Amino acid sequence: MNHLDAETSPYLLQHADNPVHWYPWGDEARSQARDEDKPILLSVGYAACHWCHVMAHESFEDEATAALMNEHFVCVKVDREERPDVDSLYMDAVVSLTGHGGWPMTVFLTPAGEPFFGGTYYPPEPRHGLPSFRQLLVAVADAWRDRRAEIQRDAGMITEQLRRAAQPSRDPLTPTLLTDAVGGLRRSFDPVWGGFGNAPKFPPASALEFLLRRGDLEPVTKTLDSMALGGMYDLVGGGFHRYAVDREWLIPHFEKMLYDNALLVPAYLHAWVVTGNERYRAVVEETCAYMLRDLRLPDGGFASAQDADTDGVEGLTYTWTEDDEVPRELLHAFEHGRFVVRGELDEGTRARLFVEREQRPKPLRDDKVVASWNGLTVAALAEAGRRLGRDDLLDAAGACAEFLLGPLSSDGRLFRTWRNGQARHAGVLDDYADVAHGLYELHVATGDLRWLTEARRLALLAVELFGDDEHGGFFLTPVDGEELVSRKKDFDDHPTPSGNSMLAYVLLRLARLWGDEQLERRAVGVFRFIAPQLPHAPSAFGHALCALDLYFSPRRELAVIGPPDADVARRELARFDPNAVVAFGPSDEVPLLSGKGYVDGRPAVYVCENFACQAPVT
């Protein structure tokens, strides 16, 4: 029987009616595998994944294929967004076996959870050098029966490789890491269409933030301009699709992810502050409108994603035909006689097309709330609300923060996900780091000291739960979490900032507000793992580079006494000054604010360096 009907994940529920006897990840499946002496077939995907749907329709809904799976394997289905620890661990195994990864991910494990073979999508019939999925199932079942000792030896070797932790560098950290990273990004930059490398192209928000910090504007503006032309960016409804399959950012994979939009809002916002380009501001406003309209939930949290497919057809909601009343010069061929819109779209036409599109069937919305992605969303909406003077955005950020600290928390600790009134799974490092980051930005936007103290509480708790006191850096899972075959540390900033990068960034900011050198040393421990990898792939560590840039920057602390809407506060915080840290008072709870007050009853800003402050500005 299928065991998924009690789950909350929309992705797992999509498979609850499969003839496959799916189990969710857990002790029951592993016990069943041991009792029946069967290998585990682990299938990992997510609700908005187009090829996950394809493989489901081709194989998991097929009675004959399901019978083969049920006969020879204990089948386990995992939502990678719910269980990033399981996904990350076994993705490392697949990459080591095949040289590449992706979703859907298919991995075969011993009953003890040790991987021995894996890949990604497998077709129903042999093609493109891949065996059919049924051929693969038979081959693995035969090997398990006839070559058990060989499989167990291989599984042991793969698992031991997964347990080999990266070692921190002991070389001095110097600013040349930053200049060399700029050079590396420049070498892979596409001077015609922006972005880094060739097709497919993913939005490089964190790398763009780093280059903007370094004052290297050309690759930033070229990339932001090209992405906003239309195609990957939804000109009609706002918001960004997941990635473009081509070099020109024209034909997207049509799923829309909360995290992409939450990361691209600050990138365009900061570029608007630096350049004054009003198109960037428009993209920010349209993307925020999309998030509030299509992803915000009644409880205050934000849904994870919208699917690429509508009624089983990729891009059906977002594409147009020649029979639609769209200016012909804006239509660019997609497939099956359908087109994407790109070009100059006047506001009247945009509004008319939006009304027309709203009448169409909508793609599935994955309405589970992921803590880390909502933390990024709080940060994006809070800063956009502050810089654009939008109280509605500040209100949405505040409501989301309340949700994170309410239904998504218990006894002060974060859960990973929430859906339909149920919070599930212990929060991982990314959840604590991203939520702390969002709460800090909400403090800067509102001046409410509660958000700053909550940010610090979560950051200190993250150090306690995830820190590696011996080698430095932070594990993905908490010290009292489920014990997998290996406890991992992640440092890659694709597609979202790694928990290590984000927590290092948060700890540096808090260290400068509290004068806490221990927190800074914790951040440096992260940098020692990342530094050896930067020369090889700087675009994979965009947020780590932002944190390093903060680390090497001259200290600049702003103690603001008074409300955020005071003239002096607005003036001091208007510029793009990403390496300044800010706290609002008066308060004696934050060392930077201690002893500082209003000047002759007027709001004031104290500009400090290592707590040595200039005369207050009023």
Side-chain angles (χ1 to χ4, degrees), residues 8-9 25 79-88 258-259 262-263 297 299-304 366-382 396-443 450-468 473-482 484 487-490 496-507 509-510 519 522 543:
T8 58
S9 159
W25 179 266
D79 181 341
R80 66 175 292 259
E81 296 167 356
E82 275 195 330
R83 295 301 303 263
D85 51 340
V86 174
D87 174 64
S88 178
L258 176 64
Y259 57 74
L263 289 168
L297 302 172
D299 299 272
F302 285 77
S304 298
D366 183 338
D367 59 355
K368 71 176 180 295
V369 178
V370 176
S372 68
W373 304 354
N374 275 256
L376 296 173
T377 302
V378 171
L381 295 176
C400 187
E402 295 284 5
F403 183 82
L404 290 166
L405 298 178
L408 253 173
S409 295
S410 178
D411 297 326
R413 292 178 62 164
L414 291 169
F415 289 102
R416 172 67 178 174
T417 63
W418 179 96
R419 183 173 184 267
N420 286 349
Q422 294 186 55
R424 301 285 297 272
H425 310 294
V428 297
L429 176 64
D430 306 47
D431 298 311
Y432 286 80
D434 291 344
V435 172
H437 168 62
L439 296 178
Y440 170 88
E441 290 293 347
L442 189 55
H443 167 72
R450 175 196 172 199
W451 304 125
L452 181 59
T453 56
E454 284 292 323
R456 181 170 181 264
R457 180 186 68 80
L458 287 176
L460 295 178
L461 183 55
V463 170
E464 177 185 332
L465 293 174
F466 304 97
D468 183 345
F474 300 93
F475 293 104
L476 178 61
T477 52
V479 64
D480 56 356
E482 179 185 350
L484 302 177
R487 193 178 181 209
K488 281 199 60 191
K489 293 175 186 173
D490 281 341
T496 58
S498 73
N500 271 280
S501 297
M502 183 60 83
L503 189 57
Y505 187 64
V506 169
L507 293 177
R509 291 171 128 184
L510 296 174
L519 294 185
R522 288 286 191 172
H543 198 75

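Source: prediction; values computed, not measured.
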Which value, rounded to the nearest 0.5 Å, describes the distance between [X] atom [atom1] and [Y] atom [atom2]?
{"X": "Leu442", "Y": "Leu381", "atom1": "CG", "atom2": "CG", "result": "10.0 Å"}
{"X": "Asp431", "Y": "Leu408", "atom1": "CG", "atom2": "CG", "result": "8.5 Å"}
{"X": "His425", "Y": "Trp418", "atom1": "NE2", "atom2": "CH2", "result": "14.5 Å"}
{"X": "Leu405", "Y": "Arg450", "atom1": "CG", "atom2": "CZ", "result": "6.0 Å"}
{"X": "Leu404", "Y": "Leu439", "atom1": "CG", "atom2": "CG", "result": "7.0 Å"}
{"X": "Met502", "Y": "Leu376", "atom1": "CE", "atom2": "CG", "result": "5.5 Å"}

What I'd like to find out is whether the side chain of [X] reaches to under 4.5 Å of the side chain of [Y], using heavy atoms alone.
{"X": "Ser304", "Y": "Val370", "value": "yes"}
{"X": "Arg413", "Y": "Leu461", "value": "yes"}
{"X": "Arg424", "Y": "Phe415", "value": "no"}
{"X": "Tyr440", "Y": "Arg456", "value": "no"}
{"X": "Val463", "Y": "Leu507", "value": "yes"}
{"X": "Leu263", "Y": "Pro497", "value": "yes"}

Please walk me through it: do Phe475 and Asp468 pass side-chain contact (heavy atoms from CB on, under 4.5 Å)? CA-CA 7 Å; Phe475 293 104; Asp468 183 345; 3.6 Å; yes
Report yes or no: do [X] and [Y] form a side-chain donor-acceptor pair below 3.5 Å?
{"X": "Arg416", "Y": "Ser372", "value": "yes"}
{"X": "Asp85", "Y": "Thr477", "value": "no"}
{"X": "Glu82", "Y": "Trp25", "value": "no"}

Sequence neighbours excluded, which residues qualify as ring-ring contact (aromatic ring centres under 6.0 Å, His included) partners of Phe302?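 With neighbours one apart ignored, the set is empty.
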Candidate pair Val86 and Arg80, rule side-chain contact (heavy atoms from CB on, under 4.5 Å), full reasoning: CA-CA 7 Å; Val86 174; Arg80 66 175 292 259; over 6 Å; no
Is there a donor-acceptor contact under 3.5 Å from the side chain of [X] to the main chain of [Y]?
{"X": "Asp87", "Y": "Arg83", "result": "no"}
{"X": "Tyr432", "Y": "Leu414", "result": "yes"}
{"X": "Asn500", "Y": "Phe474", "result": "yes"}

Derivation of the side-chain contact (heavy atoms from CB on, under 4.5 Å) call for Leu476 and Asp430: CA-CA 7 Å; Leu476 178 61; Asp430 306 47; 3.2 Å; yes
Only residue of Asp79, Thr8, Asn420, Thr417 satisfying side chain to side chain donor-acceptor pair (under 3.5 Å) with Lys368 is Asp79
Which pair of non-hydrogen atoms, one from [X] and one from [Y], has the smallest distance, and what is that distance?
{"X": "Gly499", "Y": "Ala433", "value": "O-CB, 3.8 Å"}
{"X": "Ala303", "Y": "Asp367", "value": "CB-CA, 3.7 Å"}
{"X": "Ala459", "Y": "Ala436", "value": "N-CB, 4.4 Å"}
{"X": "Cys400", "Y": "Asn374", "value": "SG-OD1, 3.3 Å"}
{"X": "Ala423", "Y": "Pro407", "value": "CB-O, 3.7 Å"}
{"X": "Ala397", "Y": "Ala382", "value": "CB-N, 3.8 Å"}

Ser498: partners by side-chain hydrogen bond (donor to acceptor under 3.5 Å, both in side chains), with sequence neighbours left out: Asp493, Ser501
Taking the six-membered ring where the residue is Trp, are the ring centres of His543 and Tyr505 under 6.0 Å apart?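 Distance test on ring centres: under 6.0 Å, yes.
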Should the pair Glu482-Arg487 be classified as a salt bridge under the 4.0 Å nitrogen-to-oxygen rule? no
Working for side-chain contact (heavy atoms from CB on, under 4.5 Å), residues Leu452 and Leu510: CA-CA 9 Å; Leu452 181 59; Leu510 296 174; 4.2 Å; yes
